[in-house]
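Take a look at the structure below.
All of these numbers come straight from a predicted model, not from anything done at the bench.
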Amino acid sequence: MSDLLKLIAYPLSFIMIGYGAMTILGGHITPGGGFQGGAIMASGAILCILTYGLKDNPFNLSHERMSIIESCGALCYILLGLVGLFTGGSFLYNVGTNLMNLVPAGTAAIFNFPDALNAGIIPYLNITIGLKVFIGLTTLVILFYSVTKFQADYVDDEEID
């Protein structure tokens, strides 16, 4: 890729990832949320992958690191659901708001998101979904990039023979 594109892509990707994080964190009071913010964050990482390639990528998205982040997102989602199941009686019960007064006050205070609208666990669910979508979309692009790179190298090798 050109040097100008490399100069612009890296700072632009940070802006896109920051905008995606803002979309995730404000998703309980504005349009957007976990999926939309994760997709915006993934587009920032994908911009760097397509510009720099897999080996020279400044984010260094290794398989181990991506699997850890995706596993943490899935585990946190399940744990939040189980907290609602055991304290409120249903999976993903909004423990922080405690609408039906089923949860002890101490547990409700732990999961109460510090916001004037009292969204409960919804922002935490947005964060976990955003992590899953960010890593999932980035993994798909890395897989497609690797396959097309392999096919291009394979075709070039056949033409040489």
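Taking both residues in full, the closest heavy atoms of Lys132 and Ala74 are given as CD-N, 3.7 Å, listed atom of the first, atom of the second, then distance. The two residues Thr30 and Gly26 make their nearest non-hydrogen contact at OG1-O, 2.6 Å. Nearest heavy atoms, Asn94 versus Ile121: OD1-N, 2.8 Å.
Distance alone, capped at 3.5 Å, is enough to place a donor-acceptor pair between the Thr51 side chain and the Leu47 backbone. Put simply, the side chain of Asn126 never gets that close to the backbone of Gly33: no donor and acceptor are under 3.5 Å apart. Counting only distance, with no hydrogens or angles, the side chain of Ser71 and the backbone of Ile68 share no donor-acceptor pair below 3.5 Å. In terms of modelled atom types and a separation under 3.5 Å, the side chain of Tyr52 and the main chain of Lys6 share a donor-acceptor contact.
Summarising the geometry, atom CG belonging to Leu50 is positioned 11.0 Å from atom OG belonging to Ser43; distances are rounded to the nearest 0.5 Å. Rounding to the nearest 0.5 Å gives a distance of 13.0 Å between CE of Met66 and CG of Leu131. Distance CG/Leu12 to OH/Tyr19: 13.5 Å, rounded to 0.5 Å.
Each of Ile122, Ile24, Leu80 was compared with Ile127 under the side-chain contact (heavy atoms from CB on, under 4.5 Å) criterion, and only Ile24 meets it.
With contacts defined as side-chain heavy-atom distances shorter than 4.5 Å, the pair Met16/Met41 does not qualify. Contact check for Asn60 versus Arg65: side-chain heavy atoms found under the 4.5 Å cut-off. Residues Leu140 and Tyr145 have side chains not in contact (no heavy-atom distance under 4.5 Å, counting atoms from C-beta outward). Looking only at side-chain heavy atoms (C-beta outward), Leu85 and Tyr93 stay at 4.5 Å or farther from each other. Here the side chains of Thr138 and Phe134 are in contact, with some heavy-atom distance below 4.5 Å. Residues Leu4 and Ile8 are in side-chain contact: their nearest non-hydrogen atoms beyond the backbone lie under 4.5 Å apart. No side-chain heavy atom of Leu102 sits less than 4.5 Å from a side-chain heavy atom of Thr87. Between Tyr10 and Cys48 the shortest side-chain heavy-atom distance falls below 4.5 Å.
Grouping the Ile, Leu, Val, Met, Phe, Trp and Tyr side chains by contacts below 4.5 angstrom, directly or via other members, places Leu92 with Ile110. In the hydrophobic clustering of ILVMFWY residues, with side-chain heavy atoms under 4.5 Å counting as a link, Val103 and Tyr124 come out together. One hydrophobic cluster, built from ILVMFWY side chains closer than 4.5 Å, holds both Ile135 and Ile49. Cluster annotation: Tyr77 is not connected to Leu79 through the hydrophobic network of ILVMFWY side chains, with a link wherever side-chain heavy atoms come within less than 4.5 Å. Taking hydrophobic clusters as Ile, Leu, Val, Met, Phe, Trp and Tyr residues chained together by side-chain heavy-atom distances below 4.5 Å, Ile46 does not share a cluster with Leu7.
Enclosure of atom CZ in Phe59 by more than 12 non-hydrogen atoms of other residues, nucleotides or ligands within 6.0 angstrom is indicated.
Checked against the 6.0 Å centroid criterion, the rings of Phe86 and Phe91 do not qualify as a close aromatic pair.
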